[in-house]
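Here is the structure we will look at, set down as structure tokens.
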Amino acid sequence: VTSEETRERLQAAVRGARVVSWRRRPTPAETFARLGRACEELGIEEWDQYAERGAVARLEAEVAGLLGTETAVLFPSGTMAQQAMLRVWCDRAGSRRVALPDLSHLVQHESDGPRTLHGLDLEHLTTGPRAATADDLRALPHPAGLGAVLLELPLRDAGCLLPTWEELGELAATARGLGVRLHLDGARLGESLPHLGRTMAEVAGLADSVYLSFYKGLGALSGAAVGCPADAAAELRRWRHRMGGTLYRLTPYAVGGLVGLREELPRLASYVAWARELAAACVERGLRVQPDPPHTNTLHLLGEGEQEAAARALTGVVEREGVLPCSPWAPADVPGWLRSEVAVHGEALDHDPAVVADWVVESLG
Ligand SMILES: Cc1ncc(COP(=O)(O)O)c(C=O)c1O
């Protein structure tokens, strides 16, 4: 537990930091100016209207090209995108059952939306910090009766954990053999490619539909897209409209996505490499890392400590360096241990991982 005073001091330090989540925080004016320049650089002269034409059509075509899917559909959020996609697959299958990890975003962070809005019946494919395998799918009761199976690549709440390419292929083949549609929560799919050793299209080719976020590694304001076959995309667009997601103008989000694909996607592998260097330096200093080595640009750190002391120590580091090197330490499952998440983006590359590892150790108190 952290005292109110300590929490407020830490929050104030974080608000004043130059770099958070290893990104420099531009002001709203700087962000809008960047989007304006991007429109000129990319020759975007036309607005979309209700998600048709303009930057939206362009982004959807680019994403479909990257994923190798027939079509891609832009959404204002991943939450809306994935609920819509699962709704489509379940309606087609005539089953409300969706198998997914208990740590999935849909279970943990969507206020029960999949059930209350769409009547979906979520079943746990895995429990805890573990990558799902074909055996997990086969072990469910009557797996052929599922409406869909969802894999979160990587599993964020487990330190961005991934299966191997072989495990993923076997799971996909098992789903196909059962006649169950496979949807990938690829919010951080670009960040997963170095570990999987495959292209985006190769990974997406295993699944029936894939969601991609524009504001995780890709650094846009918000927004997401789902790649899927054209007939499913038509249904997805209807659901987007019904759910209020077909905004009159989606251009600001679409331009952000186009910038992210150009500027951030090619750099994600360098963020993963830096995260691995940081992890090794933290392990040398006695911390634990999950997964070790990291599978993506995001990892969990674990160390012995006390939360109040850690919050004070982290505040000191943030006030001195102007950088929040890792998320505030929170209790881990083991008594006396704390856990923190590090998500590595562009600003990290200007720093020596060994120096940052020293800050991290210091921040544990
Ligand atoms: C793995 C995963 N899936 C889905 C989402 C939902 O994305 P959005 O915030 O765009 O609704 C997130 C967002 O953090 C996520 O991390």
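Both ligands and their constituent atoms are indexed starting at 1 by order of listing.
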Is it true that E5 and R9 have a side-chain N and a carboxylate O under 4.0 angstrom from each other? no
Less than 3.5 Å apart, which donor and acceptor atoms pair up between the side chains of residues 146-163 and the rest of the protein, not counting sequence neighbours?
residue	atom	partner	partner atom	Å
E152	OE1	H105	N	2.8
E152	OE2	R156	N	2.9
R156	NE	E341	OE2	2.8
R156	NH2	E341	OE1	3.0
D157	OD2	H109	NE2	2.9

Would you please name every residue forming a salt bridge (charged side-chain N to carboxylate O under 4.0 Å, His left out) with D231, sequence neighbours left out? R92
Should the pair H345 and Y271 be assigned to parallel (<30°), tilted (30 to 60°) or perpendicular (>60°) ring geometry? perpendicular
Output side-chain donor-acceptor pairs under 3.5 Å for residues 346-357, partner residues at least two apart or in another chain, one line each.
residue	atom	partner	partner atom	Å
H351	ND1	E347	O	3.2
D352	OD1	A354	N	2.9

Could you tell me whether E264 and R23 make a salt bridge, using a distance below 4.0 angstrom between a side-chain N and a carboxylate O? no
Contact residues of ligand 1 with a heavy-atom cut-off of under 4.0 Å? S77, G78, T79, Q82, H105, E152, D185, A187, R188, Y211, Y215, K216
